[in-house]
Amino acid sequence: QVQLVESGGGLVQAGASLRLSCAASGRTFSFYAMGWFRQAPGKERELVAAISRNGGSTNYADFVRGRFTGSRDNAKNSVYLQMNSLEPEDSAVYYCAAKGAISYSNVYENQYDYDYWGQGTQVTVSS
């Protein structure tokens with residue numbers, strides 16, 4: 001079992017930045033590829049960023065457009081999402097997720113591949 005706890009969400013104005021954190025506990029964090037997903041009211045949950053076990057590979061949704069950066073620190077059992085130039089359309093609940101993986105470098109974009117999920121943190125961007 002892996003427990004995931006997100007933090008760092010909040011209410012900001014358009015153009016601002018936020019850094020989300022996700023702290024993991026339980027089994028060895030470095031065994032897991034990680035993902036950030038988001039879900040806005042009335043919409044499907046969607047991928048934001050996928051991060052490989054070693055942090056060396058990342059994939060982003062098209063809407064990120066270079067504004068967000070996903071990273072991880074295996075020594076701290078944590079994964080991060082730096083979000084810059086936030087837009088009202090980025091308002092959503094943001095979730096981190098973990099997937100047990102053999103490959104150190106693969107990333108996983110399908111939410112159904114993930115084994116564990118955090119409870120989410122709300123991000124609201126006002127115009």
Side-chain angles (χ1 to χ4, degrees):
Q1 288 277 356
V2 174
Q3 293 78 42
L4 302 171
V5 179
E6 301 96 336
S7 61
L11 171 64
V12 297
Q13 290 190 327
S17 298
L18 279 175
R19 187 190 194 214
L20 305 183
S21 299
C22 174
S25 60
R27 303 186 74 174
T28 305
F29 180 65
S30 62
F31 287 176
Y32 295 86
M34 301 298 294
W36 283 101
F37 292 81
R38 71 183 190 185
Q39 187 168 21
K43 294 189 175 182
E44 298 282 324
R45 187 162 57 186
E46 60 184 353
L47 174 77
V48 179
I51 305 160
S52 63
R53 278 181 60 185
N54 62 8
S57 301
T58 51
N59 251 16
Y60 298 95
D62 289 344
F63 61 76
V64 168
R65 300 194 308 275
R67 301 178 298 133
F68 298 176
T69 303
S71 63
R72 65 189 293 163
D73 185 339
N74 286 347
K76 295 183 178 180
N77 293 343
S78 294
V79 64
Y80 308 99
L81 184 67
Q82 176 67 42
M83 304 188 294
N84 300 326
S85 302
L86 283 161
E87 304 168 352
E89 294 74 21
D90 295 317
S91 297
V93 177
Y94 284 70
Y95 300 91
C96 69
K99 172 187 166 44
I102 295 174
S103 167
Y104 283 94
S105 59
N106 281 4
V107 296
Y108 302 89
E109 299 181 347
N110 189 330
Q111 61 176 308
Y112 299 107
D113 287 335
Y114 285 82
D115 304 307
Y116 302 100
W117 292 83
Q119 84 290 347
T121 185
Q122 177 71 49
V123 172
T124 304
V125 185
S126 63
S127 57

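Within the structure, the disulfide bond (SG atoms under 2.5 Å apart) test picks out no pair touching residues 23-67 (sequence neighbours left out). Under the disulfide bond (SG atoms under 2.5 Å apart) criterion, the residue pairs touching residues 22-76 are Cys22-Cys96, with sequence neighbours excluded. A ring pair (Phe, Tyr, Trp, His ring centres under 6.0 Å) check over residues 37-89, counting only residues at least two apart or in different chains, returns the pairs Phe37-Tyr114, Phe37-Trp117. Residue pairs meeting the side-chain hydrogen bond (donor to acceptor under 3.5 Å, both in side chains) criterion with at least one partner in residues 8-21, sequence neighbours excluded, are Ser17-Asn84. Here salt bridge (charged side-chain N to carboxylate O under 4.0 Å, His left out) pairs that include residues 109-127, with residues two or more places apart or in two chains, number zero. Sorted by first then second residue, the disulfide bond (SG atoms under 2.5 Å apart) pairs that include residues 98-127, not counting sequence neighbours, number zero.
Without hydrogens or angle criteria, Ser57 side chain to Ser105 main chain gives a donor-acceptor distance under 3.5 Å. Using modelled atom types, one side-chain atom of Arg53 and one backbone atom of Ser30 make a donor-acceptor pair closer than 3.5 Å. Using a distance-only test at 3.5 Å, with no hydrogens or angles considered, a donor-acceptor pair links the side chain of Ser103 to the main chain of Asn106. Looking only at distances, a side-chain donor or acceptor of Glu6 sits under 3.5 Å from a matching main-chain atom of Gln119.
A salt bridge links Arg65 and Glu87; the closest N-O separation between the charged side-chain nitrogens and carboxylate oxygens is under 4.0 Å.
Here the side chains of Thr121 and Tyr95 are not in contact, with every heavy-atom distance at 4.5 Å or above. Between Lys99 and Tyr32 there is no side-chain heavy-atom pair separated by less than 4.5 Å. A 4.5 Å side-chain heavy-atom check between Gln1 and Arg27 finds every atom pair outside the cut-off. For the pair Val48/Val64, a side-chain contact is recorded, criterion being any heavy-atom separation below 4.5 Å from C-beta on.
Taking every heavy atom of both residues into account, Met83 and Val123 meet most closely at CE-CG2, 3.9 Å. Of all the heavy atoms in Met34 and Val79, the pair that sits closest is CE-CG1, 3.8 Å. Scanning both residues, Ala23 and Ser78, for their nearest heavy atoms gives CA-OG, 4.1 Å. Between Ser91 and Ala40, the closest heavy-atom pair is O-CB, 3.7 Å.
Two different hydrophobic clusters hold Ile51 and Val107 under the rule that ILVMFWY side chains link at heavy-atom gaps under 4.5 Å.
Taking Ser25 as the reference, Gln3 meet the side-chain contact (heavy atoms from CB on, under 4.5 Å) condition, with sequence neighbours excluded. Every residue meeting the side chain to side chain donor-acceptor pair (under 3.5 Å) condition with Asn54, not counting sequence neighbours, appears here in chain and number order: Ser52. Among residues two or more places apart in sequence or in another chain, the side-chain contact (heavy atoms from CB on, under 4.5 Å) test is passed with Asp62 by none. Looking at residues two or more places apart in sequence or on another chain, you find a side-chain contact (heavy atoms from CB on, under 4.5 Å) between Val12 and Ala16, Leu18, Leu86, Val125. For Glu46, the salt bridge (charged side-chain N to carboxylate O under 4.0 Å, His left out) partners at least two apart in sequence or on another chain are Arg38. For the side chain to side chain donor-acceptor pair (under 3.5 Å) test, residues two or more places apart in sequence or in another chain that qualify with Arg45 are Gln111.
Between the OH atom in Tyr94 and the CG atom in Leu20 there is a gap of 7.5 Å [rounded to 0.5 Å].
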